[in-house]
Number of protein chains: 2
Amino acid sequence: MVTKQFGSSPEDAELRRADSLAREIFSDVANKWALLIIEALGERTLRFSELRDEVEGISHKMLTQNLRMLERNGLLVRTVHPTVPPRVEYTLTAPGRGLRETVHGMCDWTHHNLGHIEASRRQFDA
Amino acid sequence: MVTKQFGSSPEDAELRRADSLAREIFSDVANKWALLIIEALGERTLRFSELRDEVEGISHKMLTQNLRMLERNGLLVRTVHPTVPPRVEYTLTAPGRGLRETVHGMCDWTHHNLGHIEASRRQFDA
DNA sequence: CTGAATCCGCAGCGATACTG
DNA sequence: CAGTATCGCTGCGGATTCAG
């Protein structure tokens with residue numbers, strides 16, 4: 001990430017392209033709701049309404065928006081069952097599960113450092 | 001993360017507290033700029049202006065805001081050298097470097113899946 | 001049930017100017 | 001150089017409504 005100082009050669013042009021694409025993806029993915037959705041999904045297959053219940057505090061709109069984004073990037077698949085009422089299910093793809101690994105790492109890190117962070121906050125706020 | 005269904009016992013009250021704190025920390029940390037700053041810092045010690053140059057596209061305001069937040073959570077330390085002009089340096093703490101590991105994981109993941117994502121996007125946009 | 005679209009308030013963010 | 005404060009605006013994001 002954050003490769004810099006490109007030249008003007010064709011190879012560098014390609015590097016620059018990949019780099020800007022990487023930043024774009026990173027911006028898509030490195031946001032609270034997207035990561036929480038991925039974490040909530042896990043290995044399971046969930047419906048829209050189930051996801052809304054799982055991901056605490058997310059609004060209808062944010063959920064659909066992020067689901068579209070994740071689907072577009074191929075991190076999850078959306079399967080529509082042509083019933084009435086409609087039933088739509090979401091499942092992580094292999095890349096999605098890959099990203100989930102790192103999200104998991106963040107969650108572990110969070111819990112592991114709760115104490116340190118809480119203490120640091122108290123001191124800072126004084 | 002996302003522990004649920006608490007009872008009303010004292011132990012559960014403590015669990016609930018830790019859980020809400022975890023969510024708060026997660027919300028702080030799971031945002032584009034914070035993660036990019038952490039990634040940019042790495043093992044180095046950088047000045048404010050150096051960080052602004054490293055983290056491409058970040059504004060003065062966002063940088064200070066996120067630096068304060070990261071400092072408050074004990075992820076980095078801010079050392080002021082009482083010279084003129086002032087010189088302020090930022091360095092990741094042990095917990096900060098721990099988080100950086102997972103950020104690194106995300107970056108690796110991004111680069112590793114560039115192809116898949118780009119292809120998925122093209123298909124989706126059609 | 002899922003999702004698109006609309007409206008709208010407010011916070012996030014950038015730009016700028018000012019202090020130490 | 002680093003940081004705070006103020007202003008103004010854009011766009012995020014919530015609430016609501018309508019459609020399939």
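Every chain is numbered from 1, with letters handed out A, B, ... down the list of sequences.
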A.B. asks: Compare the minimum distances between each of D/dA2, C/dC1, C/dG3 and the side chain of B/R47, then state the nucleotide with the smallest one.
C.D. replies: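 Looking only at side-chain atoms, B/R47 lies closest to D/dA2.
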
A.B. asks: For B/L51 and D/dC1, give me the distance from atom CG to atom C1', rounded to whole Å.
C.D. replies: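 Interatomic distance, CG of B/L51 to C1' of D/dC1: 14 Å.
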
A.B. asks: Does B/S49 place a side-chain N or O at less than 4.0 Å from the phosphate oxygens OP1/OP2 of D/dA2?
C.D. replies: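 Yes, within the criterion.
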
A.B. asks: Of the options C/dG3, C/dC1, D/dT4, whose atoms approach the side-chain atoms of A/R68 most closely?
C.D. replies: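 Given the options C/dG3, C/dC1, D/dT4, the side chain of A/R68 is closest to C/dG3.
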
A.B. asks: Any side-chain N or O of B/Y90 under 4.0 Å from OP1/OP2 of D/dG3?
C.D. replies: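 True: B/Y90 side-chain N/O within range (under 4.0 Å) of D/dG3 OP1/OP2.
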
A.B. asks: Less than 3.5 Å between a donor and an acceptor, one on the side chain of A/H60 and one on the base of D/dG14, is that the case here?
C.D. replies: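 No such pair is found, so the answer is no.
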
A.B. asks: Nearest whole Å is fine: how far is C/dC1 C1' from A/R78 CZ?
C.D. replies: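 Taking atom C1' of C/dC1 as the reference, CZ of A/R78 is at 12 Å.
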
A.B. asks: If you pin A/M62 and B/L67 to their nearest nucleotides in DNA chain D, which one's is more 5'?
C.D. replies: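 Looking at the nearest nucleotide for each, B/L67 comes out on the 5' side.
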
A.B. asks: What is the distance, rounded to the nearest whole Å, between atom CG of A/L36 and atom C1' of D/dG13?
C.D. replies: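 Value for this atom pair: 16 Å.
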
A.B. asks: D/dC12 C1' sits how many Å from A/I58 CD1, rounded?
C.D. replies: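 Rounded to whole Å, this separation is 13 Å.
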
A.B. asks: Looking at A/E50 and A/R47, is there a salt bridge between them, counting it only when a charged N and a carboxylate O are closer than 4.0 Å?
C.D. replies: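 The answer is no: the pair does not qualify as a salt bridge.
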
A.B. asks: In whole angstrom, what separates B/Q65's CD from C/dC13's C1'?
C.D. replies: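 Taking atom C1' of C/dC13 as the reference, CD of B/Q65 is at 8 Å.
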
A.B. asks: Could you state the interatomic distance from CZ (A/R78) to CD (A/E89), rounded to the nearest 0.5 Å?
C.D. replies: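 Spacing of CZ (A/R78) from CD (A/E89) equals 11.5 Å.
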
A.B. asks: For D/dT4, does OP1 or OP2 lie under 4.0 Å from any side-chain N or O of B/T64?
C.D. replies: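 Answer no for this pair, as no side-chain N or O of B/T64 is under 4.0 Å from OP1 or OP2.
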
A.B. asks: I need the CD1-C1' distance between A/I37 and D/dG13, as an integer number of Å.
C.D. replies: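 For the pair A/I37 CD1 and D/dG13 C1', the rounded distance is 14 Å.
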
A.B. asks: Please determine whether a side-chain nitrogen of the Lys or Arg among B/R17 and A/E118 lies less than 4.0 Å from a carboxylate oxygen of the Asp or Glu.
C.D. replies: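 Judged by the 4.0 Å cut-off on N to carboxylate O distance, B/R17 and A/E118 do form a salt bridge.
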
A.B. asks: Taking the minimum atom-to-atom distance to the side chain of B/K61, which one of D/dC7, D/dG14, C/dC1 wins?
C.D. replies: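 Nearest nucleotide to the side chain: D/dC7.
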
A.B. asks: Could you state the interatomic distance from CG (B/L75) to CG (B/N66), rounded to the nearest 0.5 Å?
C.D. replies: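 Nearest 0.5 Å value for the CG-CG distance: 11.0 Å.
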
A.B. asks: Rounded to the Å, how far apart are B/D53 CG and D/dC1 C1'?
C.D. replies: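 After rounding, the reported distance stands at 12 Å.
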
A.B. asks: Indicate the atoms forming the closest heavy-atom contact of B/W109 with A/L99, along with that distance.
C.D. replies: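 Taking every non-hydrogen atom into account, NE1-N, 3.2 Å.
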
A.B. asks: Write down the distance between CD (B/E89) and C1' (D/dA2), rounded to a whole number of angstrom.
C.D. replies: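 Answer to the nearest Å: 13 Å.
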
